[in-house]
2 protein chains.
Amino acid sequence: MSVTTLHRPAHRDALGLLERAFGDGRMVTAFGRCTVEYDGRASSSLGPGDRLVICKPDGTVLVHTDESREPVNWQPPGCTHRASVRDGRLRIRSERSSPDERLDVAFERLEQVTAYEVTDRSDLTLTGSEEDLRQRILDDPSLVEPGFEPTATERETAAGPVDVFGEDDAGRPVIVELKRRRVGPSAASQLRRYVEAVDAEFPDSGVRGILVAPSVTDRAASLLEELDLAFVPVAPPEEDADGGGE
Amino acid sequence: MSVTTLHRPAHRDALGLLERAFGDGRMVTAFGRCTVEYDGRASSSLGPGDRLVICKPDGTVLVHTDESREPVNWQPPGCTHRASVRDGRLRIRSERSSPDERLDVAFERLEQVTAYEVTDRSDLTLTGSEEDLRQRILDDPSLVEPGFEPTATERETAAGPVDVFGEDDAGRPVIVELKRRRVGPSAASQLRRYVEAVDAEFPDSGVRGILVAPSVTDRAASLLEELDLAFVPVAPPEEDADGGGE
DNA sequence: CATTTGATGTCGGAT
DNA sequence: ATCCGACGTCAAATG
């Protein structure tokens with residue numbers, strides 16, 4: 001059976017299903033009125049309300065309300081779940097160490113508990129990432145500027161790895177920092193740190209820094225100018241402009 | 001009825017439930033073997049597999065596998081969901097504009113569909129945030145250094161708002177940058193931008209920058225030294241050190 | 001709207 | 001394990 005559901009279960013029955021599901025690696029959802037306590041990197045307390053709780057076999061817990069993409073409370077992968085009944089409430093506790101963190105959900109009313117068998121899986125293929133932008137630059141370095149010649153990607157510097165490293169037509173070292181979307185001041189600072197690091201490696205070589213992104217904010221533009229860094233606009237990856245459909 | 005569940009429903013029945021649930025603002029979960037296509041800020045394609053799909057009345061869609069805290073695909077709040085049946089598959093489409101984004105889930109096997117009525121809600125109270133750290137500093141400025149006197153929080157500068165602004169015992173302007181956890185080089189850069197901005201406001205006033213955080217990485221430490229910025233360690237917010245019984 | 005920054009960010013990769 | 005930067009980051013506060 002791929003899905004097992006209990007509707008308004010007795011605690012005893014819900015507990016049994018949860019323990020079996022946790023034991024054999026099934027994913028679980030529980031819905032009902034509950035409170036949630038979290039303690040770890042921070043601490044939080046959530047009063048009674050209707051929430052959907054998801055427990056994954058990898059140790060993840062998600063507590064979702066009917067709003068927002070983000071869970072109101074959660075536990076990351078690697079935790080261990082336990083279910084129990086105390087004070088007439090069904091409880092789900094999920095813990096981990098390093099860092100020590102603990103999440104407690106206590107249901108005062110449990111509407112439904114479901115266990116899912118997840119067998120099939122496929123991988124996601126994503127396009128439009130910074131990696132794609134780098135590939136575009138490597139395919140056509142003149143997108144950065146005529147005469148630019150990439151010599152390395154992810155080149156290590158004292159300030160961290162540089163996206164694309166190369167030389168301009170005058171033989172000067174060029175550091176290219178890629179961003180897939182409009183950037184703020186922090187990207188300029190980041191680029192500047194790289195330039196300084198490489199400048200220390202090759203004193204007086206005239207190291208240049210070029211930020212490649214769709215666009216920059218005003219503040220970032222000022223900062224780039226002040227730091228003597230260049231900005232090269234690149235169009236964001238083409239939408240499949242297939243007006244399509246309907 | 002607070003929860004409505006259909007087990008291995010006919011498409012027609014599932015469609016009806018989805019349309020009703022979308023119409024009257026209920027939250028929905030659907031589990032089964034499906035493919036997912038996304039196009040918007042990036043594009044992605046997800047082959048057939050077992051996933052839990054959550055549609056919220058605020059326009060959120062989450063597609064979860066049995067691993068990871070993060071949905072493998074999603075749509076943020078503000079989208080509009082529609083359900084349909086085409087090519088013998090139950091489909092859920094969620095779209096929004098600005099930016100134009102579209103998510104399509106197509107079930108080739110639908111194990112269960114559930115609609116939830118979410119009524120109750122409470123607010124989360126969280127402690128241990130940067131805001132808490134600021135409050136601690138303001139309560140006891142000597143945590144930064146003896147003689148430090150805060151004069152403003154979120155003080156505006158050309159580089160953005162400064163966490164805590166004040167004066168040291170010699171009357172020099174002090175910029176305090178707070179971080180709730182161990183910091184890397186970017187925090188040092190950020191602080192440096194603030195210092196430069198304030199230095200431009202008060203030339204030759206000897207503006208100082210102090211980073212307050214639990215700890216810093218080696219690279220950040222070097223950078224701080226190089227930039228002539230100070231670091232003051234603060235213990236992370238106390239865990240309720242109630243060793244507590246097992 | 002756009003900008004900026006924090007987050008229990010999470011995640012993946014490299015050391 | 002720590003460090004580092006990307007992310008379809010998200011979400012809130014602010015102009």
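Quick caveat, the model's predicted, so the values are computed rather than measured. Proteins come first, then strands; the chains are lettered A, B, ... in the order of their sequence lines, and each starts at number 1.
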**OP:** Would you tell me whether B:Ser215 and B:Arg182 have side-chain atoms, one donor and one acceptor, within less than 3.5 Å of each other?
**Re:** yes
Original post:
Roughly, in whole Å, what's the span from CG in A:Asp132 to C1' in D:dC7?
Top reply: 14 Å
Original post:
Between the side chains of B:Arg193 and A:Ser189, is a donor N or O closer than 3.5 angstrom to an acceptor N or O?
Top reply: yes
Original post:
Quick one: are B:Phe165 and B:Thr157 in side-chain contact, heavy atoms under 4.5 Å?
Top reply: no
Original post:
Rounded to the nearest Å, what distance is computed from the CG atom of residue B:Asp218 to the C1' atom of nucleotide D:dA1?
Top reply: 14 Å
Subject >> Nucleotide-resolved protein contact map, nucleotides 6-15 of chain C, B/S/- at heavy-atom distance under 4.0 Å >> reply: SSBSSS----
**OP:** Using a cut-off of strictly less than 4.0 Å, decide whether A:Arg219 has a side-chain nitrogen or oxygen near OP1 or OP2 of C:dT4.
**Re:** yes
**OP:** Could you tell me whether A:Ala159 contacts a base, only the sugar-phosphate backbone, or nothing, with contacts defined as non-hydrogen atoms closer than 4.0 Å?
**Re:** sugar-phosphate
**OP:** Please report, rounded to the nearest Å, how far the P atom of D:dA12 is from the CG atom of B:Asp123.
**Re:** 11 Å
Original post:
Taking atom types as modelled, is there a side-chain donor on A:Thr119 or B:Asp50 under 3.5 Å from an acceptor on the other?
Top reply: yes
Original post:
Using a distance-only test with no angle check, is there a side-chain donor-acceptor pair under 3.5 angstrom linking B:Glu101 and B:Tyr38?
Top reply: yes
**OP:** Determine the interatomic distance between P on D:dA11 and the same-named atom on C:dC11; round to the nearest Å.
**Re:** 15 Å
Original post:
Between C:dT10 and C:dG6, how far is it from one C1' atom to the other, in whole Å?
Top reply: 14 Å
Original post:
What integer distance in Å separates B:Asp39:CG from D:dG8:P?
Top reply: 14 Å
**OP:** Measure from CZ on A:Arg134 to P on D:dC7 and round the result to the nearest Å.
**Re:** 10 Å
Original post:
How is B:Ser186 classified with respect to the nucleic acid when contacts are heavy atoms under 4.0 Å: base, sugar-phosphate, or nothing?
Top reply: nothing
Subject >> Close side-chain approach of B:Leu211 to B:Leu229, heavy-atom, < 4.5 Å >> reply: no
